[in-house]
2 protein chains.
Amino acid sequence: MPKLDESLLSDLPPFSLLERSQIREILDHAVSRRYEEGTAIFREGHDADRFYLLLDGYLRVVRTTPGGDQIIVLHISPGQLFGIAPALQRDTYPATSIAAAESIALSWPVSLWSDFTANYPGFATESYKTLGQRLGQIQETLTEMATQAVEKRVACALLRMVNQSGRKTAEGIEIAFPITRQNISEMTGTTLHTVSRLLSGWQKDGIVQSTRKHIVVTDPHQLVLLSGMQG
Amino acid sequence: MPKLDESLLSDLPPFSLLERSQIREILDHAVSRRYEEGTAIFREGHDADRFYLLLDGYLRVVRTTPGGDQIIVLHISPGQLFGIAPALQRDTYPATSIAAAESIALSWPVSLWSDFTANYPGFATESYKTLGQRLGQIQETLTEMATQAVEKRVACALLRMVNQSGRKTAEGIEIAFPITRQNISEMTGTTLHTVSRLLSGWQKDGIVQSTRKHIVVTDPHQLVLLSGMQG
DNA sequence: TCCGGAGTTTGTTTCAGAGCAAAGTTCGGC
DNA sequence: GCCGAACTTTGCTCTGAAACAAACTCCGGA
């Protein structure tokens, strides 16, 4: 494997407080790997033997029910830690993570977790901050799921993805990774049919523009109104 | 305030590894307080200035939507830490906690959090373990909410409460704190009417026995079947 | 270039469960 | 012992969205 460059990490929150030499050391223990779209990085219930940092691409964190339905708990974007089960004293991953687009991630054996948190002060802090944000996000989704009708849930899901990964284009803001109606239905607890109908409707109203596996939000403000959110 | 006894903490996971003198020291910084049923310990969005340990009673952790609906995210039972926003670098509580029954809790100012984790090794580990379990639990609820019909969700909710706080009685296993149909509907994203109907039906089938604010599960096995769970 | 599979659209039917309405019941306080 | 508030039960109606069904479109590969 080629030697990794320090600049990969130096701008990311978990590492931003560290010395160049420390980053060098961390990188020397890291394994870098590329994942095709659709590939699993690790699977629910498996031994949590490594923790990860997404360098490039996007991931879906997914849970499967005994009945075989799948739901998407959250998405991971570049720069975020994931699979940090060891931080929570878990010996098994609580969910599966799948590359939503071609992705590159670094990983380390869990045995290094305690070293990292002990030796690199900013690291622990930032990890737990991430965890806190994620917990809040999931609670948010939960309340939404429990109280809102399908249309609002789908609107919220789109907005969340736009906020997390939107990039500006001529027509509006585009979700940066491939996503199907089926995927959206798995984020919102509905069916791909219902999502398709909603999206068609919104297209007609000039709120979104979508092609196969690809969505551009042309009128974010309208979507916010539909989502019924406060902020 | 009377001096608190060391035995209050010595058997609880977050403190079980500590010396008597260390526990003494921790207790000397603690404030103990009693909360009437229905009282808030802290509220969503408020300054996270203290963290807590529930000594006795039960709490509901609750979120309110902009639209005014409430949903119960989880319950806290005696011996558990809660309001541990500082562990996640949050400066504000992400949810409200309310005494489901008369309760007693210890609390400390957040400024002590870093002391605790630094000086008492078992403490940090156990806190994060709790957090991990809670995260898993919420993910579980989320998937359930997204994929299961109302009947299963309510069955699951009952089972979860039974597992967390059930005590054996002559007729079956009793949920240890007062709970209304409304409460259950707020755990499962349905209406109190639907919960009432389900409970009536199950009563007829000899699966539960319920009176006002009080539920006994007489046939847990049947309930497991209804819940469609794997374990 | 054609084929097949994956993703999408649209129509129709059906029903679980929300919403609305109204009694009944229990309990704590006066 | 009475009152009112909080909790529960039950009936009825109506609708959002699931389920079922089928066609259509795009894309990559042989």
Side-chain angles (χ1 to χ4, degrees), chain A residues 36-38 60 65 67-72 98 100-102 144-155 157-158 175 177-205 208-216 226 228, chain B residues 36-38 60 65 67-72 98 100-102 144-155 157-158 175 177-205 208-216 226 228:
Chain A
E36 298 278 359
E37 182 177 334
R60 298 182 219 296
T65 66
D69 322 80
Q70 219 175 49
I71 92 114
I72 298 174
I98 303 220
E102 182 174 359
E144 195 184 291
M145 200 79 95
T147 61
Q148 307 296 77
V150 168
E151 183 176 44
K152 290 194 176 188
R153 300 209 301 269
V154 174
L158 285 188
I175 293 170
F177 48 87
I179 183 143
T180 65
R181 322 282 176 223
Q182 173 76 39
N183 288 329
I184 295 176
S185 77
E186 287 168 359
M187 300 178 64
T188 52
T190 180
T191 62
L192 77 162
H193 309 273
T194 299
V195 173
S196 176
R197 280 182 240 268
L198 284 170
L199 251 36
S200 300
W202 291 344
Q203 180 124 282
K204 209 158 293 166
D205 301 345
V208 303
Q209 229 174 320
S210 67
T211 60
R212 151 182 277 237
K213 291 186 125 196
H214 200 238
I215 297 177
V216 178
L226 281 172
Chain B
E36 300 276 359
E37 181 176 333
R60 296 184 221 295
T65 66
D69 324 78
Q70 221 174 47
I71 91 116
I72 298 174
I98 304 221
E102 182 173 359
E144 194 183 294
M145 201 79 97
T147 61
Q148 307 296 76
V150 168
E151 183 175 45
K152 292 194 175 189
R153 301 210 299 269
V154 173
L158 285 189
I175 293 171
F177 48 87
I179 182 143
T180 65
R181 322 281 176 225
Q182 173 77 40
N183 288 328
I184 296 177
S185 77
E186 287 169 358
M187 300 177 65
T188 51
T190 179
T191 62
L192 77 163
H193 308 274
T194 299
V195 173
S196 177
R197 280 181 242 269
L198 285 172
L199 251 36
S200 300
W202 292 343
Q203 180 123 285
K204 210 158 294 166
D205 301 345
V208 304
Q209 231 174 318
S210 68
T211 60
R212 149 182 279 237
K213 290 186 130 202
H214 200 237
I215 296 177
V216 178
L226 281 172

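The figures here come from the full heavy-atom set of this structure, side chains too, leaving out hydrogens, waters and symmetry mates.
- Shown here for A:I179 and A:I215, the closest heavy-atom pair between the two residues is CG2-CD1, 4.2 Å.
- When side chains are defined from C-beta on, A:N183 counts as touching A:R60, because their heavy atoms get closer than 4.5 Å.
- Note: CZ (A:R181) to P (D:dC26) measures 12 Å, nearest angstrom.
- Remark: A:A155 pairs with A:W202, A:L223, A:L226, A:S227 by the side-chain contact (heavy atoms from CB on, under 4.5 Å) rule, at least two apart or across chains.
- Not one N or O on the side chain of A:S196 forms a donor-acceptor pair closer than 3.5 Å with the backbone of A:L192.
- The two residues A:G228 and A:K152 come nearest to each other via the heavy atoms CA-NZ, 4.3 Å.
- Straight-line distance from the CG atom of A:D69 to the P atom of D:dA18: 12 Å, rounded to whole Å.
- Between the NZ atom of B:K213 and the P atom of D:dA6 there is a distance of 11 Å, rounded to whole Å.
- With sequence neighbours left out, B:T194 forms a side-chain contact (heavy atoms from CB on, under 4.5 Å) with B:V150, B:T190, B:T191, B:L198.
- Helix bend of the helix from C:dT1-D:dA30 to C:dC30-D:dG1: the angle between its two end axes, each built from five pairs, comes to 40° after rounding to 10°.
- Read 5' to 3', the first and last nucleotides of DNA chain C with an atom closer than 4.0 Å to a heavy atom of chain A are C:dA6 to C:dT12.
- Rounded to whole angstrom, the span from the CG atom of B:N183 across to the P atom of D:dA6 amounts to 14 Å.
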Please produce a list of atom pairs where a protein N or O lies less than 3.5 Å from an N or O of nucleotides 20-25 of chain D.
from: D:dA21; atom 1: N6; to: A:H193; atom 2: ND1; distance (Å): 3.3

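- A salt bridge does not link A:E151 with A:R197: none of the charged nitrogens is closer than 4.0 Å to a carboxylate oxygen.
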Applying salt bridge (charged side-chain N to carboxylate O under 4.0 Å, His left out) to A:E186 and A:R181, what does each step give before you reach the verdict?
CA-CA 9 Å; A:E186 287 168 359; A:R181 322 282 176 223; over 6 Å; no

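- Using a 4.5 Å cut-off on side-chain heavy atoms (C-beta onward), B:V216 and B:T211 make no contact.
- Listed by chain and residue number, A:T65, B:T147 satisfy the side-chain contact (heavy atoms from CB on, under 4.5 Å) test with A:D69 (two or more places apart in sequence, or in another chain).
- Between the side chain of A:R153 and the main chain of A:G189, a donor-acceptor pair closer than 3.5 Å is present.
- One finds a side-chain N or O of B:S200 lying less than 4.0 angstrom from the OP1 or OP2 phosphate oxygen of D:dT10.
- B:L192 comes within 4.0 angstrom of a base, heavy atoms only.
- For D:dA18, one of the phosphate oxygens OP1 or OP2 lies less than 4.0 angstrom from a side-chain nitrogen or oxygen of A:T191.
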